[in-house]
Amino acid sequence: MSRESEFVVVANRLPVDRDRDRGGWRRSPGGLVSAIAPVMRSRQGTWVGWSGAPDEMLDPFVEDGMHLCPVRQSAEEVELYYEGFSNATLWPLYHDVIAPPVYDRAMWDAYVRVNERFATAAADVAAEGAIVWVQDYQLQLVPAMLRRLRPDLRIGFFLHIPFPPLELFWQMPWRRQILEGLLGADLVGFQLPGAAANFVRLCKRLLDAKSVKQDVHWEDRVVRARAFPISVDVGELRELIARPEVRWRADEIRADLGGGTVLLGVDRLDYTKGITQRLQAFGELFADGELKPGEAVLAQIATPSRERVEQYQILREQIEQQVGRINGQHAELGSPVIHYLHTSYDREELAALYLAADVMVVTPLRDGMNLVAKEYVACREDLRGTLVLSEFAGAAEELRRGAYLVNPYDIDGLKETLLAAVRAEPAEQARRMRVMRKRVIEHDVDRWAADFLASLEQPAGAPAV
Ligand code: GDG
């Protein structure tokens, strides 16, 4: 593949997974891929990313109408760049230092090296004047590296996770390099306006850059910082919940859970998701006698994630002990109060779980957006169910009028809010759900991708959107 693509996406992972049953590849689930796939097809796009297998050398290939350009990562790079700098340094630093970030020079060196490789691969496949869209925190140096190689390109960057305030970002030993890396883009997209403001403030303070509103003037260019809140694939979810087998499965799940009020948590097993706070509050409601076994049950799906990173191993043990303790104290024979499942499910099962849940519990301590909250809302065409949502999830900005907002650090507040959500009357549920559905349906993931690309394609110097 050489210099032929008018549209290039650069992301740590390719949008495909190995199909273990049938061999070959299949498209990865998730809104990002389904939003970008049609653009890829209509514009002869290429996706640059890693296959997911260390040390694997693959030639470019086509899958599902998308040109894919694999970028190699050695086992050592996976450890230092991906598990290390991306997930043990940037991830905790950008999520309010909930866990202490690791600052390690070998990890940083690997981050630079792998970013360089992604930039080179993108430079090789992009046509003259192409649009290149770089995704997420693993690749923050790519915009500037790519601009150095190919000044003709129009480069966009989107950060899926929060961007921290100056006071936290200042810790980063390589803070200047990261900011300069991002400033290689023409458009830097964030989930929330507050994150864009943090970025602009940092550019001014750290780099002495000039800015006008959210436009940063940098090396004779204008770099725009804007918010584009990501969303979900409403069409896909609508199709899933219309399937009879998904509806039967939802009924079956409700029956299996004993017929009481069903609370549901669905999260990657991650310390940012506030799972321990949620479990504590829920357990205390039984200790206080506010809930009785059989009357309410929490199904907590914790999808395995980053299992080789130490903080994640510690968290898993902590949660499993906590679930054991709460069930040990409050369950009755045949009626556990928490069903904890450390596994991942297919999209059908997930949709059935959303339909089965009376209360969706989303309590992150910090989250860029949180798609689970929006998926739940998108699935509840029946206008039933309530959403308990952390104020620290990006989604709270859009869903605040319909959700039961909560500060997950405040365990008493969390308990009160859980009870209010459990006890909400159907009319109140419908009123709140209607407001949230309007927002999610009108701002789905297709609109997110279209808005970002329209803004990126605006000529430089055009009035800001
Ligand atoms: C990052 C940011 C931002 C979960 N379990 C299963 C499964 N999932 C799916 C959910 C949802 C996705 O994974 C998780 O998305 P979230 O947004 O909730 O969280 P992160 O993974 O942390 O995502 C986040 C997002 O990027 C997008 O910009 O919103 O703030 O942290 O779609 O449904 N999917 C399947 N089986 C599971 O068991 N198939």
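Hydrogens, waters and symmetry mates play no part in the numbers below; they use all other heavy atoms, side chains included. Order of appearance sets the numbers: ligands from 1, and atoms from 1 within every ligand. Note that the coordinates shown come from a computational prediction; the quantities given were computed from them, not determined experimentally.
Counting heavy atoms under 4.0 Å from ligand 1, residue R268 touches it through the side chain alone. Heavy atoms of E349 found under 4.0 angstrom from ligand 1: none, in either backbone or side chain.
In summary, the atoms of ligand 1 found under 4.0 Å from a heavy atom of G368, numbered by their order in the structure, are 30 (O).
The pair K273-D367 meets the salt-bridge criterion, with a side-chain N (NZ, NE, NH1 or NH2) lying under 4.0 Å from an Asp/Glu carboxylate O. Taking the charged nitrogens against the carboxylate oxygens, R247 and E252 have no contact shorter than 4.0 Å, which rules out a salt bridge.
When L371, L341, L32 are ranked by how near their heavy atoms come to atom 18 (O) of ligand 1, first place goes to L371. Within the set D136, T303, V362, I230, the minimum heavy-atom distance to atom 4 (C) of ligand 1 is found for T303.
Heavy atoms of I301 stay at 4.0 angstrom or farther from ligand 1. Distances from ligand 1 to the non-hydrogen atoms of W448 include no value under 4.0 Å. Residue contact annotation: W91 has a non-hydrogen atom under 4.0 Å from ligand 1.
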Donor-acceptor pairs are to be reported for all side-chain atoms of residues 351-361 against protein atoms at under 3.5 Å, with residues two or more places apart or in another chain.
| from | atom 1 | to | atom 2 | distance (Å) |
| --- | --- | --- | --- | --- |
| Y354 | OH | E375 | OE1 | 2.6 |
| D358 | OD1 | R254 | NH1 | 3.3 |
| D358 | OD2 | R254 | NH1 | 3.2 |
| D358 | OD2 | R254 | NH2 | 3.4 |
| D358 | OD2 | V262 | N | 2.7 |

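Q277 meets the side-chain contact (heavy atoms from CB on, under 4.5 Å) test with L365, I411, L414; sequence neighbours excluded.
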